[in-house]
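A short write-up of the structure that comes next.
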Amino acid sequence: MSDPKRLVVNLFEMNTPGHITHGLWRLPGNNRERYTDIRYWTELARLAEAAGVDAIFIADVIGGYDVYKSSLEPALREGLQIPNNDPMLVVPAMAAVTEHVGFGVTFSTSYEPPFAFARRMSTLDHLTRGRIGWNIVTSYLPSAARNFGLDAEIPHDTRYEIADEYVDVLYKLWEGSWDDDAVLVDRERGVYTDPFKVRPIDHVGTHFKVAGPHLSEPSPQRTPLLFQASASKAGIAFAAKHAEVLFTADRPPGALDRNMATLRDAAVAEGRRADDLRFLVMATVITAPTDDEVADKLARYRAKASAEGAFIHMSVPFNPLEHPETITVREALEREDRHDVIAAGGLPLHLTVGQFIRAADQSWDSRFFAVGRPEEVADTIESWLDDDGIDGINLRQYHSFETIRDFGELVVPVLRRRGRMREAYVPGETLRERIFGAGARLPERHPAARYRGGRNL
Ligand SMILES: Cc1cc2nc3c(=O)[nH]c(=O)nc-3n(C[C@H](O)[C@H](O)[C@H](O)COP(=O)(O)O)c2cc1C
């Protein structure tokens with residue numbers, strides 16, 4: 001019999017008080033307001049490593065949520081992803097107090113050119129000794145565009161065209177610009193770097209012009225582990241070509257299978273292998289030793305949930321809470337004279353406002369929602385791996401640090417007994433090796449590899 005499938009676990013974070021569990025920063029004992037304190041991050045990193053999770057994953061946005069009620073005020077009041085600090089800068093602090101846990105950081109390809117970002121990621125790959133990953137996003141907030149000198153958002157598919165060239169520049173810098181043996185540190189001859197083993201990239205494309213060479217010497221993984229979450233046709237085409245770990249939001253069972261199959265088929269059409277992709281779902285685990293304690297904890301969390309937070313986060317372009325629950329979303333939009341929103345599509349117009357409100361916040365209503373005693377929660381997680389075919393989870397935090405403590409102390413021991421998590425980290429392993437079990441670098445069949453040794457530059 002083959003070994004049971006191992007669970008990949010990312011602890012889902014953001015450098016902000018309110019990420020995806022809306023309103024819960026108000027819970028007594030929740031540390032969210034300490035996100036500005038470096039000790040918040042070092043404590044979190046130690047707890048995540050003690051729990052044996054694969055990586056701490058830090059989301060990011062570069063604008064405020066101001067579509068709901070056409071204002072930033074609700075987001076500011078709710079602490080919803082604003083205030084919001086830089087995700088990359090907390091990584092070295094966490095890396096300094098840990099040995100193994102990985103880090104994923106989110107960065108957008110739409111607004112800052114690639115050269116400086118390439119160096120920042122190489123720096124992080126060096127400082128973490130190969131424990132860094134990058135969540136490639138193209139940024140969905142109109143406010144982000146206005147923060148970077150544009151009047152309006154770049155159209156969705158154009159953002160992916162830009163992203164495609166952006167990562168191409170990065171691959172040239174990360175994979176092609178320096179040979180592995182370029183750095184000599186030869187004290188006798190006085191040669192630090194062999195100049196014949198470093199080359200410019202001279203990239204001239206539609207969106208970017210970058211001379212190079214890369215400023216950083218080769219880091220353990222060179223290209224960080226590549227994460228992405230796509231839903232659209234353009235996003236899926238991009239992910240199939242580039243991404244290694246895919247995040248997916250909640251989907252009904254058939255749709256999740258189809259989404260994973262579509263992505264794997266598209267990756268194979270790009271010359272990659274179906275198992276070059278791993279799929280993680282956003283998941284909830286709320287647990288305690290007894291049923292009563294579980295019920296108490298769930299009630300305690302739910303009592304602080306904010307429905308409005310979900311509307312702000314989803315950029316809902318009308319005010320559901322101001323309409324009777326029995327009318328449809330279409331009728332509510334008509335009452336607000338939002339015929340533009342009706343025409344644009346994208347909202348479930350046929351639902352009643354009541355149904356819409358209840359479905360809005362996935363932190364309370366999702367297929368990947370495990371609430372129970374540790375053994376029950378472990379059963380549910382095992383069914384996600386075996387029946388749904390996913391590879392791992394992005395663990396939603398309801399309470400910092402209760403969520404990671406509960407997971408580490410109560411659920412991980414059960415998952416370890418069942419062979420679903422490893423007993424210990426492998427010393428010196430990079431994040432890519434941990435997730436794929438192969439080398440620290442991208443495989444030869446990935447498009448980044450074509451630039452190795454300065455080929456195809
Ligand atoms: C689990 C998950 C996490 C995400 N994290 C971020 C994030 O931190 N920042 C961001 O701008 N977008 C984030 N996104 C949005 C995706 O990058 C993407 O825009 C979205 O899935 C829609 O796909 P599309 O770009 O193909 O239309 C996330 C999506 C999912 C499902």
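Every number for a ligand or one of its atoms is a count from 1 in the order of the listing. Just so you know, these numbers come straight off a predicted model, no measurement behind them. The analysis underlying the following values was restricted to heavy atoms, covering all of them including side chains, and did not include hydrogens, waters or symmetry mates.
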How far is atom 3 (C) of ligand 1 from its nearest protein heavy atom, and which residue and atom is that?
Phe12 CZ, 3.8 Å
Exactly one of Thr284, Thr403, Asp406 clears side chain to side chain donor-acceptor pair (under 3.5 Å) with Tyr398, and that residue is Thr284
Could you check whether any side-chain heavy atom of Thr223 comes within less than 4.5 Å of a side-chain heavy atom of Trp134, counting everything from C-beta outward?
no
Contact region, Asn135 to ligand 1, non-hydrogen atoms below 4.0 Å, reads side chain
Would you mind checking if Glu112 and Arg120 are paired as a salt bridge, meaning a charged N to carboxylate O distance below 4.0 Å?
yes
Tell me whether Phe247 has any N or O atom under 3.5 angstrom from an N or O of ligand 1.
no
Assess the pair Tyr140 and His156: is the distance between their ring centroids shorter than 6.0 Å?
no
Purely on distance, is any nitrogen or oxygen of Ser139 under 3.5 Å from one on ligand 1?
no
Among Ile58, Val61, Val105, Val137, which one puts a heavy atom closest to atom 17 (O) of ligand 1?
Val137
Side chain or backbone of His156 under 4.0 Å from ligand 1, or both, or neither, by non-hydrogen atoms?
side chain
Identity and distance of the protein heavy atom lying nearest atom 29 (C) of ligand 1
Ala229 CB, 3.4 Å
On a heavy-atom basis, I'd like to know which of Ile20, Leu246, Asp60 is closest to atom 7 (C) of ligand 1.
Asp60
So does Glu375 pair up with Arg418, basic N to acidic O under 4.0 Å?
yes
Test item: side-chain donor near acceptor, Ser400 and Tyr40, under 3.5 Å
yes
Quick test: of every protein heavy atom, which one is nearest to atom 26 (O) of ligand 1, and how far off is it to 0.1 Å?
Ser232 OG, 2.6 Å
Give a yes-or-no answer on whether the side chains of Asp60 and Thr106 include a donor-acceptor pair shorter than 3.5 Å.
no
For the student: nearest non-hydrogen atoms of Thr21 and Arg396, plus distance:
CG2-CD, 4.0 Å
Tell me every residue that passes ring-ring contact (aromatic ring centres under 6.0 Å, His included) with Tyr65, counting only those two or more places apart in sequence or in another chain.
His313
Indicate yes or no: at least one non-hydrogen side-chain atom of Glu308 is less than 4.5 angstrom from one of Glu78.
yes
Which heavy atom of the protein is the closest neighbour of atom 14 (N) of ligand 1, given with residue, atom name and distance?
Tyr140 CE2, 4.2 Å
Contact atoms of ligand 1, heavy-atom distance to Ala59 under 4.0 Å:
8 (O)
Min N/O separation Thr138 to ligand 1 under 3.5 Å
no
Between ligand 1 and Phe238, can you find any atom pair, the residue atom being a heavy atom, that is separated by under 4.0 Å?
no
Starting from atom 23 (O) of ligand 1, what is the nearest protein heavy atom, named by residue and atom, and what distance separates them?
Ala231 N, 3.1 Å
Looking only at protein heavy atoms, which one is nearest to atom 25 (O) of ligand 1, and how far off is it?
Tyr160 OH, 2.5 Å
Under 4.0 Å from any heavy atom of Ser230, which atoms of ligand 1 are there?
23 (O), 26 (O)
